[in-house]
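Reckoned from all heavy atoms, side chains included, excluding hydrogens, waters and symmetry mates. Naming convention: chains lettered A, B, ... in sequence-line order (proteins, then strands); numbering from 1 in each chain.
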Amino acid sequence: MPPSDVKKTADGTHPAATTTVTTAPGPGTQDVRYDPAEIEVRWQERWARQPELYRAEGHESNKPKYYVLEMLPYPSGQLHIGHVRNYSIGDALARYMWMQGYNVLHPMGWDAFGLPAENAALKNNTPPRDWTLGNIAHMRRQMQRIGLSYDWQTELATCLPDYYRWNQWFFLRMLENGLAYRKQSKVNWCPECGTVLANEQVVNGCCWRHEDTLVEQRDLEQWFLRITNYAEELLEGLDKLPGWPEKVRTMQRNWIGKSEGATVEFAVEDATLAIEGENGRRQGKVPLPPAEDYKVGQSSNASQKVKVFTTRIDTIFGATSIQLAPQHPLVEEFAQNDNRLRSEVESLLEEQKKAREADAVGTIEKHGVFTGHFAINPFNGERLPIWVANYILLEYGTGAVMSVPAHDERDYEFAKKYGLEIRIVVLPRRTGEPSEKDPDEPVLPYSEEDSLLINSGEFSALGCQEAQHKMTAYAAENKFGEATVTFRLKDWGVSRQRYWGTPIPVLYCEKDGIVPVPDDQLPVLLPENVEITQQGGSPLAKVPEFVNAVCPKCGGAARRETDTMDTFVDSSWYFYRYTDAQNSNAPFSMEKAAYWFPIDQYIGGVEHAILHLIYSRFWTKMMRDIGQVRNDEPVERLFTQGMVIKDGAKMSKSKGNVVSPDDMIARYGADATRAYALFATTPDRDLDWQEDGVAGVSRFLSRVYRLVMRHAAELRQASRNGEQTSAAAASPDAQALLRKLHQTIRKITQDFAGRWHFNTSIAAIMELVNEITAAEPRLAELAAEESATLLASLLRPLILLLAPFAPYLAAELWEQIGETDSLLRHPWPQFDENLAREEEIEVPVQVNGKLRALVRVAPNADNETLQKAALSEEKVRVSIAGKQIVKVVIVPAKLINLVVR
RNA sequence: GCGGAAGUGGCGAAAUUGGCAGACGCACUAGACUUAGGAUCUAGCGGAGCAAUCCGUGGGGGUUCAAGUCCCCCCUUCCGCACCA
């Protein structure tokens, strides 16, 4: 609230002079009071009238470009304090880069599709669109109140047709290129919601909204995007992203989960032969399973095969069983006429399902059951019993493994439990003669690959690596195996049975089958006034005007696809749209994207390390391949900021420890709130929000305000005279202050270029302000002109240094001292190494490593001078008295250590 | 279980390279001022001790003239991965 006695001009701004009072120099109670609410609201209104200030120049600009981006928020209705932190980091950087002379693109938008809008619609009976757009309007106002330097002309909301039509356009391009396809697949289904859930909405096997409701699996036809086509490139590309945190790259590597190995086909022995085999041939080392009365399937035939995937084909002579996933098709076949097996497999399935739901797949007790069937090891003709086990995952590899107990931890555990043979086929390489400490028997399970094969036929005595190559080649030659690369990454299922998303632009015609919507019929508009219920299934399916369409091919009746796209589609390419947000002929112009991309600096939370950041990389590669962009990667440098926590815990409504940005801004102002977000700790760490800390930063800003305001009149004069204090002519006081100034400029400039430790940047400004304030009474004794000139050479750069962190206060003070240009375009101050250099430094003197004195010397003092100075110190002399100096360690300008005995 | 990060005053933290541990801020203490304000100013503030001085960066060893920083072992917290064959 502006004080009522402050006069306003016609445009609502305050003429600079009316808020100043002239006082005697030096801190005092007669200073003008810092009123952030008044200053900030006034400048916010002014900035709103100058949107061109925040607009980037086109690609014809002669400045170097810089694209800084914070992750776009979901318009939930309220900014939370984590957003404020995220945007404060990005905004400081954007403002700094403008001041450094860059052409800066700094946009903002809204990830506006998604389930919460539908939930809100149910709860409040508000259409999702109205709810979302209302939230956007409110959050935009919050951002503007914070003073963030966004170019609102490039703003986008993914729920608007001028954006999502391009999702549809890209989908059609992918369809043309075989990158989008349809297949039957399992989906997560919450019986309570009556709707399908995205994988990321399944928490510990339960619905995120109904934490006690187990999610079911249902089989549905789904659209998929072929991200696996890019698995290899997505993986290799990680090595070319040095500007990304190692943590994120590791997480993506794990997610892609490449493993190289081989598939090998084992013939399944005919059931009749199997029985004969028991009697006739060698019983071998494979013990009979504990069950005696299992039925032998009648339908088995000799041509049946089981294919396993292994990364250790070199251990295949040590295989003593085959393990199948409970869902493996062969198991179903075996169980067809075997009730006992069927019921045992059922319980294995149940165990696996429970483990998945409890998110404890890795820890369940291993169980298995013998199927009564055998497979033939193609390398040595041995009969291996085929088991079903609860720890084998159908979705990985082939859903079947060869079990080598001696050389695999899981197989070892399983074999021990069921008494299966454990056969050693790999031994450590000997580095010398055998000794008692180096017995032949390795500790089992032994899985080192720098080892030698034994008991492996013609492959014995080979090294593991070499054996892998030779054995894979042997399998390939004999047509029972091949080298295989397996990825954990799965194709991206993008169908969602929800209303509030991008309609998938496809029609189903009885005659023509799947028919893409022609480009000239885009966008497929999302109908409004759709009833959202908890009945389940796609709400769009209940809108006949939407569903019933005409087939573009035959003109006959066709049915529209009623699923919508995953909202991660929206955020996979939004940052390209910012470069050309108004384009109605294309998603964006190639030239503009080529100029701005890759993004120079992307800033967001680490929670997006996998999904969003991997989908975006995929989308960029896809766009490159369809000729829409030229870059391989969307983001050059990625920064993941830490969380904001309160009292050591994550903020949550139930804990009642939520910090409201509005509240902070109302109490302390936006400048203090954002400066605190940067001052409390380094941006990468978690920040424990302490309101007292905000108050402290607010007091600091107030000190700066009062300091500058005490001298505003003098500075306006000095600025007209255009004088600068020259260091040579200045008093020692002035020299010390100028030195501190240049050290501060250097420090902050280095912080921006390097580690982004803005906490120390702001601390450095505090130190500078403290020094200037402490010197104020002495400066008052100087001649008026000299004092004004000196203060001008200190305070003008001080305001510039403050601009990225407290832009409102900086703008206000800049104007108060008579400047008229915008700080956003004002050059960042330069530091002068000569002025920053100390004339005299304090060097610690140690005796036997213990501090005994400090000596003042010139920074370039030679060793002799240093030693002399050290020895002339009384305390040093006392502590070495009666002892012999055996060594003198001198690190120039750093330290003197006298070693005595 | 595997991998990563971290552990420094009452609190948030600083200390880019092995070189004065605790900058800056919060809280606190004492004082000043006052139109009593979510003020402001001055001084103090790791622990022990009157002091000289000693001790002190999760714990224990080590390297070094010198270790928060490097090496080895251990503890705790957070994060990621976790039957991936």
What is the base-pairing partner of [N], counting Watson-Crick and G-U wobble geometry with both distances under 3.5 Å?
N      : value
B:rC33 : none
B:rC84 : none
B:rC20 : none
B:rG68 : none

Which residues pass the ring-ring contact (aromatic ring centres under 6.0 Å, His included) test with A:Phe487, sequence neighbours left out?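 Partners of A:Phe487 under the ring-ring contact (aromatic ring centres under 6.0 Å, His included) test: none.
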Going by ring-ring contact (aromatic ring centres under 6.0 Å, His included), name the residues that satisfy it together with A:Phe805, two or more places apart in sequence or in a different chain.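 Once residues adjacent in sequence are excluded, the partners of A:Phe805 under the ring-ring contact (aromatic ring centres under 6.0 Å, His included) criterion are A:Phe752, A:Phe758.
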Taking the minimum atom-to-atom distance to the side chain of [X], which one of [options] wins?
X        : options                : answer
A:Asn770 : B:rA85, B:rG25, B:rA27 : B:rG25
A:Tyr396 : B:rC24, B:rC84, B:rG38 : B:rC84
A:Glu767 : B:rA23, B:rC79, B:rG25 : B:rA23

B:rC45 and B:rG22, which share atom name P, separated by this distance in whole Å: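 It works out to 12 Å between them.
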Looking for any heavy atom pair under 4.0 Å, which part of the strands does A:Gly696 touch: base, sugar-phosphate only, or nothing?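 Result for A:Gly696 = sugar-phosphate.
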Salt bridge flag under 4.0 Å for residues A:Lys875 and A:Glu873: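 No.
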N/O-N/O pairs, protein side and nucleotides 53-56 of chain B side, under 3.5 Å:
residue, atom, partner, partner atom, Å
B:rC54, OP1, A:Arg852, NH2, 3.3
B:rC55, OP2, A:Lys850, NZ, 3.2

What one-letter contact string describes nucleotides 11-20 of chain B from 5' to 3', where B marks a base within less than 4.0 Å of any protein heavy atom, S marks contact via sugar-phosphate atoms alone, and - marks no contact? SBSSSB--BB
Which pairs with one or both residues in residues 874-901 of chain A pass ring-ring contact (aromatic ring centres under 6.0 Å, His included), sequence neighbours excluded?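 Of all non-adjacent pairs touching residues 874-901 of chain A, none passes ring-ring contact (aromatic ring centres under 6.0 Å, His included).
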Quick one: salt bridge (Lys or Arg N to Asp or Glu O under 4.0 Å) partners of A:Arg410, sequence neighbours excluded?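 Here the qualifying residues are A:Asp408.
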